[in-house]
Amino acid sequence: MAGEPMAVDYYIPLIIFMIMGAIVPIAALAAVKIIAPLKPSRKKRSTYEGGLCPVRDAKIQYSVQYYLFAIVFVIFDVEVLFLYPWIYVYANKALQQFMVFGMNNAVFEMLLFIVVLLVGLVYAVKKEALRWV
Amino acid sequence: MLKRKMLKNWGWPLRIASRGTEVTRLYPEVMMELPAAERGIHELDATTCIGCASCARICPNSCIEMVTYKYGSPLKNKKMQYPQIDYGRCMFCGLCVDECPAECLKMGKKVTMAGWEREDIVRGPDKLAVKKFTAKEAAELAAEAKRIAAEKAAAAAAKKKAAAKEGAPAEGAAKKVAKEGAENKPPKKAVAKEGENKEANAQEPKKEDAKPTEGGAS
Amino acid sequence: MDGIIEAISSFASQEPAIYYLIIGIIGAVVLSAVVNIGAMYVIWLEVKLLGDFSARYGPNRVGGRWGLLQIVADAIKLFTKEDSIPASADKPVYVWAPIVASMATMLVAAAIPFGALYFNGKYYPLVVANMDISAFYVEAALSLLVIAAFMAGYSSNNKYSLLGAFRGIARMISYEVPMGVCVISVAIMAHSLNLAEIAQNQTLWYAFAQPLGFGIFIVALITDLGRIPFDQSEAEEEIICGYTTEYGGIRWGLILFQEYNNMLLGSILLTLLFLGGWAGPIIPVPGLSIISPLIWMFMKVVIVLWFLIWTRSALLRLRIDQVTDLGWKVLLPLSIVNLAWAVVVGSYFA
Amino acid sequence: MTTASDVLSAVQSAFPGAVLESRVESDRRLWATIDSNSIVDVCKHLSEKLNFDHYSGAAGVDWIARKEMEVVEIMASHGAHQVVAMLKSKTPRENPSVKSLANLFWNANWYEREIWEMFGINFEGHPGLYPLLLGDELVGVWPWRKDFKGYPDLTTGQRAVERPTSEGYTEYFIPPTPAEIEAGTVPKEKPKYPSFREREEKEIKSDSEMIMHMGPQHAMLPGPFLLDILIEGERVHKAFLDMGYIHKGIEKIMENRTWLQGLTYTDRMCYVASLSNNECYCGAIEKILGLEVPLRAQYIRVILEELSRIQSHLIGTGEFMTLIAGVGYAPWNFMIIDRESIISLIESVTGARLTHTFVRFGGVRNDLPEGFSDKCRSALKYIESRTKEYIELFEQDPIYHMRMENVGVLSPDRAKRVGISGPPLRATGVAYDMRKEDPILVYPDLDFKVVTGTRGDSADRIDVRLREILESIHIIEQCLDRIPAGPIKTETKVPKKIPAGEAYYRVEDPRGEMGMYVISDGGDKPYRVKVRGPVYATLQTLPPLLEGVYIADAVAIAGSMDGCPSEADR
């Protein structure tokens, strides 16, 4: 296929796709503006909650436990992100220089990293950080 | 183990898919098979109805109204009335059928009654009656009734002659008889539509023979 | 033919920016049509199959006996419905949520190879942005729909929507990590993060090479797509319609469409990563041999879609806390086991 | 075995002078008028000493001619004996007031609230007399009193005026007519007590808690009732239940219809169980009349009631499965197919699919059609194999176990205390079934087991229902073997006017204990019909069960109860 274009050029189509992704729904909404009837009323625009008026509104402080949950995710996701560059090291023989316990250094380092990750997971579970709200 | 246990779950949809369609009915094309005891739209035998209004009295939703109907038996009570049922309110409980002393009201297998207007689902005796006098029979019966009325009038006249002393009340009675004889004719509106009705009357039985599927009987 | 390819290649290497601009515009127009029509027929397939799985007909009036045009009729209905925005909603966010969803889908579509053409003994993958890290990119972009869902849910100012939005995020974050680890395991075996290369490099399908990873990826994919048994964010019997409760007419239609778009794209991703992509015997008929990889790809994707719909009629819905528990406490450790397995087997094969 | 006369003498000896009047109808029915001052003590004595641990309900009666009102407490026992004690306490019609039993029996709460809003009888010591079935604006008109003249009709909108409230919804308001203003009888200002909404809003303690409506229009509910849950995150802290969204006033309508016409309304209380409701109403009237039903008619009734139990359980289970699986779930459609075969069997006899109006005073409407027995047997064989498959399917499904086991657990003691009945009660292990406890028709001759569970959780409730289907099939097969030839109606003609008297008749509805208390004053219309439905008790149990569970569990619990608000609202 194509030769070796500059890395940034790959992303030109992405921008175009993003714009296209916005154009389609906006066009649909514009079409609806023209086609569909519009008779707004107070009742139509009220919030649906089982057919009755809601008791207060939905803008509440969501449970703190939930955010703990989210923070654990952020930690783990970043940790997983570190594995992606590691694939490069693993695939590239030139970067694997020495052996540890019969494994090459890339594998060993990864295993060490995963053990740390698992310890973190066990800690999070034990601390009930992953308990659902 | 979890996977093995779940196998039965996965099997169910496949079993159903292999069985063919059972839940949906293609409604207007394929009608449901109904049992003989089905309580569908009423069928009225207008030749035996005595117009007693038992059905109208028992109806819990009072959806039966008694209305005059031209093809009724002129031999009987001259203020003869027949049930007209408002299917917007009828709940098909069947109490009217149980109450009917002449056993002339039955419930049939027809169950479709959609209409465009509210009036379409109010069915008068004209639509309910499955058995009614043909125009010829009705004419004969009317002639019979006239004859009987005439006989009665003659008898009354004879009586009047015999009891000439009490003239006034007897005369009144005779007048009444004559008047009732006149009332025996259908109301004006019905007279206007008589032509149409006769045609409809002649066609209707044929129509029903030709389309037995209409009520879902087949 | 060879000349054309030569010309295109040389043009691409000389003027990459213009080349990618043209490819991008053509690709965006073609793909948005393909993806949207594809989504319509995924919806049709789902309705029809669910009908079969429950002894019903499914669509059978509009567009012949199979109801092929039912979905078009539905779309027309959506276009003619009144567009009403709830008074208490956060309007800009509410309006932008379906648009963001659509953008997210297109971003995924840009990097996914939809198939390949076989020509002169070589495969030419049909992909617009053939990135080196497309596996990583697609996996990231797939979870963007959750952002749109959260925007929709939080802006609606409705309690069902709120719960749906929070559930959606919780579901996503519990399965993002195992899913990522699975992609890494595949990449280790394939020695590449490029989807086209991963598909190309599968001598043995990775579904067989790492069955554990395959299973985890399916579960994570179903979760990402929000389908039964993991459809808690729009569990109808609990929170009505989840984050789309306050959406109606075309706005709801757009969100629904993006969900099915993503289902299609997710199935393609699964096929590429684990089912050998477009691999399959080349049909030795002159016209068909060029598109035979496309045919194989299409068949595999349909089978994956069929499986997803089958699952929907076979399983019960899990509770949201069980879903997150399953993700964190079962699938995450298992996916790491799978990673170790991939390393061992991968080293052995290498 | 304790009989009614034993109970009566025990009460008379414990409370000399408290029993003003008494009538021992049979071994199983005791009617007594208790001095209204000692009613609480008598009930306490009955429940503590005489095993009357089942407070079954209460009925109000307005005796306008005698210028007094009556509250009838219905007390029974969970299997210790078969006596049902109907204890009346009287109160004058002016400012009627009796002592409340709500502190003694937890489930008396709702029954007393209903009597209060319908008859205006005040209950001293009741924890919260708020309207339950009626709207707030109807309180004070006491609609079920005999002298009730009707309320301005809001639906025709003659006088009612719409006005928006500060909360954004529309309220109806009836402006006084000039004549009323002149006469100074401007009707009622707003009631003094807090509304349902205000009461629940008071419970919100922190900023992270919110109240979410799970009704009246919600995919979870089989019909409209308002279930509000106070949640923090996804955890339910408290649940509130409000009813009356489809209150039909059937008890009042029946007072204005003839005896036979009233039968059609029993169908419509809950159309899934309409044959049981028919049976209950007809049974009560036959009891007043002293009619003996011909044997063939009894068998036909039993066959049809059991068939209708099968179809009710199938749809109850099937619908419930859609609650935890979504409507695409395949076995649900299988249950619909199975139910269809049962429905068409019933239809071939009664002529209607759901609202049968089939049972008649002293017999049934139609005889079984030709070939019914063979058709029934083959259909039942099919259902039996299918039901066994369902049981096996749910048994082995891991997701089902995760969702259902130990969810909404009721202990036997608690279940007895809250007065629940039917499959939810039997799932806890209490073998309480009207077919054994208060046998009617030919049930005593038939061989069947009362199906019970062990844990009392949602999974057990479903399991009990499914196994009851098998038991019902067994009953029907016996009936088909034994059914004799003969008449299907009594020889004696049922009079249009039923002689004065009263009866309480209980049947086992598919959903639990259904009782009807029928009073005749000798006219052609009932003086009072009180329906003690099973779902009323089931729904009352719901809010405390939901405390502390997740929203998804709330759906599983509410669904496994198989409540039918249509019947509870009557």
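Just so you know, these numbers come straight off a predicted model, no measurement behind them. Letters A, B, ... mirror the listed sequences (proteins, then strands); counts begin at 1. Note that these values count all heavy atoms, side chains included, but never hydrogens, waters or copies made by symmetry.
The line from CZ of A:Arg56 to CG of D:Asp207 is 9.0 Å long, rounded to the nearest 0.5 Å. A distance of 12.5 Å separates CD of A:Gln65 from CD of D:Glu234, quoted to the nearest 0.5 Å. Considering OH of A:Tyr62 and CE of D:Met210, their distance stands at 6.5 Å, rounded to 0.5 Å. Summarising the geometry, atom OH belonging to D:Tyr245 is positioned 4.5 Å from atom CG belonging to A:Leu52; distances are rounded to the nearest 0.5 Å. Note that CD of D:Glu232 is 8.5 Å distant from CD1 of A:Ile60, once rounded to the nearest 0.5 Å.
By the 6.0 Å contact criterion, CZ on A:Phe82 is open, its count of non-hydrogen atoms from other residues, nucleotides or ligands being 12 or less. The environment of A:Lys127 atom NZ is sparse: at most 12 non-hydrogen atoms of other residues, nucleotides or ligands sit within 6.0 angstrom. Environment of OH in A:Tyr123: sparse, with no more than 12 heavy atoms of neighbouring residues, nucleotides or ligands closer than 6.0 Å. In this structure, A:Tyr66 places its OH atom where more than 12 heavy-atom neighbours from other residues, nucleotides or ligands lie under 6.0 Å away. Within 6.0 Å of atom NZ in A:Lys44, more than 12 heavy atoms from other residues, nucleotides or ligands are found, so the atom counts as buried in its surroundings.
Inter-residue side-chain proximity for D:Arg197 and A:Val55 is flagged as met; some heavy-atom pair is nearer than 4.5 Å. Two residues are said to be in side-chain contact when any heavy atoms from C-beta on lie closer than 4.5 Å; D:Arg235 and A:Ser63 fail this criterion.
Interface check for chain D: of the options A:Pro54, A:Gly51, A:Ser46, A:Ala58, the most heavy-atom pairs under 4.5 Å are formed by A:Pro54. If you tally non-hydrogen atom pairs under 4.5 Å between each of D:Met214, D:Gln217, D:Glu200 and chain A, the highest count goes to D:Gln217.
For chain A, no part of D:Leu227 is nearby; none of its heavy atoms comes within less than 4.5 Å.
Counting only distance, with no hydrogens or angles, the side chain of D:His213 and the backbone of A:Cys53 share a donor-acceptor pair below 3.5 Å.
Residue D:Tyr550 comes nearest to A:Trp132 through the heavy atom pair OH-O, 3.4 Å, listed as atom of the first residue, atom of the second, then distance.
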